[in-house]
Structure formats: C-alpha cells, structure tokens
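Note sheet for the following structure.
Every chain is numbered from 1 and lettered A, B, ... according to where its sequence line falls, protein lines coming before strand lines.
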There are 2 protein chains.
Amino acid sequence: MSSDKVAVEAPETRTRILKAALHLLEASQGRGVRMSDIARRAGISRQALYLHFGTRAALLIATTYYLDELKGVDERLVPSRTARTGLERLDAFIEAWGGYIPEIYGMAKALLAMRDTDAAAAKAWDDRMQDVREGCEAAVGALNRDNMLSPDHSPDQATDILWTMLSVRNWEQLTIECGWPQERYIGTLKSLARRIFVSDGTSNR
Amino acid sequence: MSSDKVAVEAPETRTRILKAALHLLEASQGRGVRMSDIARRAGISRQALYLHFGTRAALLIATTYYLDELKGVDERLVPSRTARTGLERLDAFIEAWGGYIPEIYGMAKALLAMRDTDAAAAKAWDDRMQDVREGCEAAVGALNRDNMLSPDHSPDQATDILWTMLSVRNWEQLTIECGWPQERYIGTLKSLARRIFVSDGTSNR
DNA sequence: ATGTCAATTGACACGGTGTCAAGTCACAGG
DNA sequence: CCTGTGACTTGACACCGTGTCAATTGACAT
C-alpha cells in the first residue's frame with residue numbers, strides 16, 4: 001500500500017550494512033570482523049561497501065552513531081540529568097553508562113583496536129570518551145555542589161578517577177576476565193564510587 | 001683480555017635483536033614497530049630475525065622476559081614480600097608494580113595489541129597479568145590476616161578490584177590521557193587502595 | 001532512446017608477516 | 001688443504017586484508 005519511494009523490499013542498503021556490521025561485531029565481541037564478512041551478511045559485494053563507507057574506520061564510526069540512535073543513549077541519561085541530589089546523580093550515571101557498556105562492547109572493542117593505527121578511529125573513540133567524561137564531571141560537580149565531595153580530591157581529579165573507573169577496559173576486566181555478573185559490576189562500582197568520592201562522616205550507606 | 005668464546009665484537013645476535021626490539025618499542029610506545037625495523041636496528045636482515053624467533057609474537061614474548069631480567073622485577077618485589085604489616089605490603093606492592101609499568105609500557109602496549117589476534121601473545125600477556133594478580137592477592141591476604149580488610153569485600157573480590165585498579169590500561173589513562181605525573185599516580189592509587197580496602201575506624205591516614 | 005544510479009565482477013596495488021632456495025663467508029677439524 | 005657446518009645474506013614469493021579502478025549490467029525515470 002503506502003508507497004513513498006522504494007521501501008519494504010529494499011531496506012536502504014546503507015542501513016542493511018550498518019545492521020550487518022552491528023550484528024557481526026556484537027556476535028564476535030568485535031574481533032576478526034572483516035569488510036568482506038560485513039558485505040556478505042548485508043547481501044552485497046565487498047566493493048559495494050566502499051560505495052557507502054570509504055573506509056573500515058568510517059563504517060565503524062557510522063555504526064556507533066547508528067547504535068546510539070538504536071539504543072537511545074540520550075533517554076538513558078535522563079535519570080542522571082534530572083537527579084535531585086549529587087548522590088542520586090552519581091548512582092544514576094553509573095547505572096546508565098555501566099549498563100550501556102555491555103550493549104556496545106563489540107563495537108567499542110573493534111574501534112578501540114583501530115585506535116592505535118587509524119587517526120579517524122582514534123578521534124571517534126576519544127570523542128565518545130569525552131562525552132562519558134563530561135557525564136563524570138557533571139556527577140562530581142553535583143556532589144560538590146551538595147558539599148558531599150570528599151576533600152581528598154579536587155573535582156578535576158575526582159573526574160579523572162571516576163572516568164577511569166568507568167572505562168570499558170575495566171568493565172571488560174571485571175565482567176569478562178574476573179567473571180563478575182553485570183549486577184555485581186554495577187553494584188560494586190556504585191559502592192566504590194561512594195566510598196571514594198563522598199566525604200566521610202556524612203552518610204556513607 | 002679474558003677470552004671465553006666470541007664476545008666483545010659480536011654481542012650475541014640474539015641479544016642484539018632483543019635490545020633493538022626493546023629500544024624501538026620503548027621509543028614508539030609500542031606502536032608501529034615492524035619486523036623490518038627491528039632487523040635494521042639490530043644490523044641484520046629481516047629474514048635473519050626468523051632464524052632466531054619464528055614469529056613476531058615469539059620475539060615480543062622473548063623481549064618481555066629479557067626486559068624483566070634487565071630491570072630486575074624480582075628484586076623490586078622484595079620490599080612487598082618482606083613487609084611486616086598488611087598495610088605496608090599493600091603500599092609496597094603498589095609502589096613496585098606501579099613504578100614498573102612505565103618501564104614496560106611500550107612492550108606491554110605492543111603485546112596487548114596482538115592479544116586479540118594471536119593466541120600465543122594472548123597467553124603470554126595473560127600469564128604476566130596472572131603474576132600481577134597473585135601480587136594483589138598476597139597484599140589483600142596480608143591485609144586480611146591483620147584484620148584490616150574492609151568487610152565490604154571478600155578477599156577474592158578485593159583482589160579483583162585491586163588487580164583492575166592496577167591495570168596497565170588504567171595507568172595509561174591516568175598518566176597519558178589525564179596527564180597525571182607518575183608520583184601523583186602512585187600516591188593516589190595508594191590512598192584509593194587504603195580507602196577502599198582498609199576497614200573503617202582503624203587508621204585511614 | 002537516453003541517462004543515471006546502484007550494484008556487480010574481476011583485477012590489481014600496497015603493506016606486513018612468514019617461507020623458501022641458493023649463495024657467501026668464516027672458522028673448525030680431519 | 002679441503003670439507004663441513006653454522007650464521008647470515010639476497011631475492012623471490014605466498015597469504016591476508018584493505019582499498020582502488022575499469023568495465024559491465026539492470027532498473028527506473030524522462
């Protein structure tokens with residue numbers, strides 16, 4: 001019925017490619033996914049891939065944006081942004097980002113692997129991480145505004161520490177290498193963050 | 001004077017190779033070091049490299065052993081092993097390992113990059129990290145024996161956390177990306193570890 | 001009929017690792 | 001002195017994965 005242009009039969013090659021890339025990256029934890037694999041799964045020739053994305057890095061980067069859109073990063077951050085207290089904000093942010101990591105892990109891993117060799121990939125990754133850092137900064141700032149930030153750390157340093165704690169690598173090490181279930185990861189990180197950043201004497205539990 | 005076999009003129013090709021690899025890995029932070037680069041710097045042909053090390057991974061792995069020997073890892077760990085209290089042991093271990101990281105960073109980075117694609121490299125890296133983990137376990141155990149381990153964490157979980165805190169990646173993020181000087185890295189990690197693992201009420205400073 | 005757009009096929013360049021064959025050179029022992 | 005032997009050299013080549021190019025096809029629109 002409703003005709004607009006092509007639709008239905010050909011779901012926009014470009015998005016078919018992105019879906020294929022996403023699926024493969026997820027399935028293989030980001031390791032060993034070649035352009036030809038993605039092409040095959042998208043049902044096109046390897047060369048046609050390059051008609052849409054000039055470079056493996058470009059495809060990977062486009063896939064991250066697609067993924068964000070798909071998973072609704074922004075909405076997930078609403079609880080954090082609307083938190084009333086600094087403590088709530090810290091918890092909400094850890095929950096949101098910490099819960100997002102496993103969903104993007106394959107992508108992240110692949111992009112991270114290119115970071116050392118490809119400048120565009122490096123920039124894309126660093127931009128993303130900068131966003132996360134801003135989230136950390138905001139949480140630390142909220143804590144500070146509540147006079148709850150431990151005097152042991154300046155806001156900047158606290159941001160550095162929180163940002164590092166919440167890195168994809170740390171998630172990987174704790175869940176995949178140490179075998180922690182996701183809930184324990186989230187729970188422990190929340191409690192560690194409180195213990196580290198929230199000043200003593202004032203409610204620690 | 002003293003003649004043993006060859007010596008002086010030909011410093012054992014093998015070690016010349018290892019030295020070359022080491023130098024290049026250090027100088028380039030482990031990125032973009034090719035077999036041909038190492039060969040050139042060692043003053044031999046690329047193919048001759050393969051007479052000594054069958055594989056890039058094998059060469060990298062041999063280089064880590066050489067590096068350990070050169071830098072005397074074992075001696076560095078003596079203060080940690082001979083510490084009288086758990087607290088001392090924790091501090092000494094953080095100082096020893098945390099101080100070792102910058103010296104092996106280039107190597108580590110190169111090995112880490114191969115980890116995802118090369119099984120031998122993965123095993124070598126994981127073995128090394130397992131050693132570090134044992135150091136963490138020992139420190140946590142000593143703390144526990146002193147009844148100083150915070151009841152918030154089981155020894156196993158505490159080990160996981162300490163091990164993750166002390167990862168090369170975290171060192172990289174804090175010093176290289178956040179620009180922390182090495183002393184601040186060591187100092188902050190020590191204080192974080194105390195804050196996290198040492199039970200409240202009993203001496204925190 | 002013409003043009004254009006998306007895609008196809010096949011071929012090829014490049015960079016890096018790893019392999020192979022043949023040759024050189026020095027130094028040993030009979 | 002001749003003959004190994006071992007370390008090394010040179011040159012060529014295979015394999016992989018990325019990226020490029022040229023020629024072709026088929027569908028759709030004008």
Side-chain angles (χ1 to χ4, degrees), chain A residues 3-21 24-25 28 30-63 109-111 113-122 124, chain B residues 3-21 24-25 28 30-63 109-111 113-122 124:
Chain A
S3 73
D4 204 272
K5 221 175 183 184
V6 195
V8 186
E9 276 304 285
E12 284 264 4
T13 310
R14 188 189 149 89
T15 61
R16 243 170 48 228
I17 295 172
L18 292 172
K19 279 197 169 110
L24 292 174
L25 290 169
S28 71
R31 272 184 273 90
V33 177
R34 289 158 302 184
M35 291 300 264
S36 51
D37 298 325
I38 299 172
R40 191 166 347 111
R41 179 150 232 278
I44 61 172
S45 66
R46 184 178 72 87
Q47 293 85 330
L49 231 47
Y50 289 95
L51 298 177
H52 296 267
F53 307 93
T55 253
R56 196 179 119 93
L59 169 52
L60 250 48
I61 293 167
T63 310
K109 189 96 199 200
L111 206 50
M114 295 200 72
R115 201 182 105 104
D116 289 327
T117 54
D118 185 287
Chain B
S3 73
D4 205 90
K5 223 178 181 183
V6 195
V8 187
E9 277 302 288
E12 283 264 5
T13 309
R14 188 188 149 89
T15 61
R16 243 170 48 228
I17 296 173
L18 293 172
K19 278 197 170 108
L24 293 173
L25 289 169
S28 71
R31 271 182 274 91
V33 176
R34 290 157 300 183
M35 291 300 264
S36 51
D37 298 325
I38 298 172
R40 187 164 353 109
R41 179 149 231 281
I44 61 172
S45 67
R46 187 178 69 87
Q47 292 84 332
L49 232 48
Y50 290 95
L51 299 176
H52 296 268
F53 307 94
T55 254
R56 196 178 120 94
L59 169 53
L60 251 47
I61 293 167
T63 310
K109 190 95 199 204
L111 206 50
M114 296 201 70
R115 201 183 107 105
D116 289 327
T117 54
D118 184 289

side-chain contact (heavy atoms from CB on, under 4.5 Å) between Leu59(B) and Tyr50(B), worked out: CA-CA 9 Å; Leu59(B) 169 53; Tyr50(B) 290 95; over 6 Å; no
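Between the P atom of dG18(C) and the CD1 atom of Ile38(B) lies a distance of 11 Å, rounded to the nearest Å. The distance between atom CZ of Arg34(A) and atom P of dG19(D), rounded to the nearest whole Å, is 14 Å. Separating the CG atom of Leu59(A) from the C1' atom of dG17(D) is a distance of 15 Å, rounded to the nearest angstrom. The interatomic distance linking Asp118(A) (CG) with dG17(D) (P) rounds to 18 Å, in whole Å. Atom P of nucleotide dC15(D) and atom CE of Met35(B) are separated by 20 Å, given to the nearest angstrom. We find that CZ of Arg16(A) is positioned 13 Å from P of dA6(C), with the value rounded to whole Å. Put simply, CG on Asp37(B) is 12 Å from C1' on dG15(C), counting in whole angstrom units.
Remark: side-chain polar atoms of Arg41(A) are not paired, donor with acceptor, to backbone N or O of Ala20(A) under 3.5 angstrom. Remark: the backbone N or O of Ala48(B) is paired with a side-chain donor or acceptor of Ser45(B) at under 3.5 angstrom. Remark: the backbone N or O of Arg115(B) is not paired with any side-chain donor or acceptor of Asp118(B) at under 3.5 angstrom. A donor-acceptor contact shorter than 3.5 Å links the side chain of Arg16(B) to the backbone of Ala42(B).
Between Ser45(A) and dT8(C) there is a side-chain N or O to OP1 or OP2 distance below 4.0 Å.
Nearest to the side-chain atoms of Arg46(B) among the listed nucleotides dA12(D), dG10(C), dA7(C) stands dA12(D). The side chain of Gln47(B) approaches dT10(D) more closely than any other nucleotide in the set dT17(C), dT10(D), dC21(D).
With rounding to the nearest 0.5 angstrom, the CD1 atom of Ile61(A) is 11.0 Å from the CZ atom of Arg56(A).
Taking every heavy atom of residues 48-57 of chain A and every atom of DNA chain D, pairs under 4.0 Å involve Tyr50(A), Gly54(A), Thr55(A), Arg56(A), by number.
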